[in-house]
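Below is one structure, written out as structure tokens, with a few remarks after it.
In what follows, chains carry the letters A, B, and so on, assigned in the order in which the sequence lines appear, proteins first and then strands, with residues in each chain numbered from 1.
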There are 2 protein chains.
Amino acid sequence: MAESSDDPLRLANQVCFPLYAATNLLQRLYRPLLAPLGLTYSQYLVMLILWERAPVTVGEIGSCLHLDNGTLTPLLKRMERGGFITRSRDPRDERRVLVAPTPQGLELRTQALRIPEDLAQRIALGTGEIDTLRNSVVSLVHHLADDLDRGKEGSGGAEAR
Amino acid sequence: MAESSDDPLRLANQVCFPLYAATNLLQRLYRPLLAPLGLTYSQYLVMLILWERAPVTVGEIGSCLHLDNGTLTPLLKRMERGGFITRSRDPRDERRVLVAPTPQGLELRTQALRIPEDLAQRIALGTGEIDTLRNSVVSLVHHLADDLDRGKEGSGGAEAR
DNA sequence: AGCCATTATATGGCTAGCAATCTATCTAGG
DNA sequence: CCTAGATAGATTGCTAGCCATATAATGGCT
């Protein structure tokens, strides 16, 4: 089996698979913590943005979270139905939709404060490890986002091979 | 804003969000590489298992990939329709379904060999960095999987291999 | 043999995610 | 003005992912 430890198609040698698995598992872990608030994980991410600054446009949310607006439009509609946010056309530019938290959405923040603690306990990694991990993944995200943006824009783009 | 850099609800301080974003971006990156083979990313992961060993049961795939069988059943049916795999009841135990690659599914492996290389270029991290990253995420996955299993069983259910 | 708890997979109903396409609005150039 | 291109969101159609539940087969116990 000299080959199997180098085999690039071996599941155990994949880099992306652990990221994929961790993300699925994390969402499962978040689910019961967020259910009492009535939010899913993606909706929680949207609230994190709105608690920092509002109103924001759909496009701004999309570029913060690296999500497509085919994903966001229905997601935001569900959040509006749930009474967490309002959506309204920007009077300055009717193409834009401004998203802002409702009073109920703002209050949720207090309940949300315990979530990062609860989670940190279950992740059970040391703070240093977590920081290292976050840093490497953040830099990966930047690489990937740049790469994908380049691919999208590049009419005259370098096609690298 | 002395507070904002400690604020546990600040998007930039989240650990899980970068994992989530990286996973979405990676799937977008994989999509055009896998499309010529007719596979999605999850289907590719299933093929990685089947190229290593076959036949396997649905449950074994689920515990390798940390996926639920409510996810796998329809996914495997699509792969069967696509001609990549066969699904058949185990004659020894009719509850089980054995999954194995078709000849076409086996041949795909040759084309798949270039995918990890293509990807490595675009991820553009040094090998050392990648190893570090993989190791931390793998250990995170173990923590999370154990944690979730413990919550599910409640009493002593020995499992795993 | 017959029943019961367990195990393996399947189904239904929901949310999410993406690519491709469409619609409405805005901005420039004439 | 008015039309051409660009921009912001919405829509469509697909795959994937989860939970809760249902069905079917197995094994043990009496």
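At the phosphate of C:dA16, OP1 or OP2 sits under 4.0 Å from a side-chain N or O atom of A:Q43. For the pair B:K77 and C:dT9, the criterion of a side-chain N or O lying under 4.0 Å from OP1 or OP2 is not met. Contact check, B:S42 against D:dG17: a side-chain N or O comes under 4.0 Å of OP1 or OP2. Considering only side-chain N and O atoms, A:T71 lies under 4.0 angstrom from the phosphate OP1 or OP2 of C:dC18. Contact annotation: B:Y20 side-chain N/O to C:dG17 OP1/OP2 distance is under 4.0 Å. In this model, the phosphate group of C:dA10 is approached by a side-chain N or O of B:R87 to a distance below 4.0 Å at OP1 or OP2. One finds no side-chain N or O of A:T57 lying less than 4.0 angstrom from the OP1 or OP2 phosphate oxygen of D:dA8.
Within a 6.0 Å radius of CD in A:E80, other residues, nucleotides and ligands contribute more than 12 heavy atoms. Few gaps surround CD on B:E94; more than 12 heavy atoms of other groups in view lie less than 6.0 Å from it.
Put simply, CG on B:L34 is 11 Å from P on D:dA16, counting in whole angstrom units. The interatomic distance linking A:L76 (CG) with C:dG17 (C1') rounds to 14 Å, in whole Å. Look at CG on A:L72: it is 14 Å from C1' on D:dT11, rounded to the nearest Å. Rounding to whole angstrom units, OH of residue B:Y30 and C1' of C:dG17 are separated by 18 Å. In this structure, B:R78 atom CZ and C:dT11 atom C1' are separated by 14 Å, rounded to whole Å. For A:L29 and D:dG17, the CG to C1' distance is 16 Å, given to the nearest whole Å. If you measure from atom OH of B:Y41 to atom P of D:dG17, you get 10 Å, rounded to the nearest angstrom. Between B:D90 atom CG and D:dT26 atom C1' there is a gap of 12 Å when expressed in whole angstrom units.
Across all strands shown, B:L67 has heavy atoms under 4.0 Å from sugar-phosphate atoms exclusively, and none from any base.
Electrostatic pairing of B:R109 and A:D7 counts as a salt bridge here, judged by a charged N lying under 4.0 Å from a carboxylate O.
Of the listed nucleotides (C:dT25, C:dC18, D:dG9), C:dT25 has the atom at the smallest distance from the side chain of A:D93.
For A:G70 and B:R96, each mapped to the nucleotide of DNA chain C holding its nearest heavy atom, the one lying further toward the 5' end belongs to B:R96. In terms of position on DNA chain C, the residue among B:N69 and B:N24 whose nearest nucleotide sits closer to the 5' end is B:N69. Mapping B:R92 and A:V58 onto DNA chain D via the closest heavy atom, the residue that lands nearer the 5' end is A:V58.
The base of C:dT7 sits with one of its N or O atoms less than 3.5 Å from a complementary donor or acceptor on the side chain of B:R95.
Distance alone, capped at 3.5 Å, places no donor-acceptor pair between the B:Q111 side chain and the B:L37 backbone. For B:R134 (side chain) and A:N13 (main-chain N/O), a donor-acceptor pair under 3.5 Å exists by modelled atom type.
By the 30° and 60° cut-offs, the orientation of the rings of B:Y41 relative to B:Y30 is tilted.
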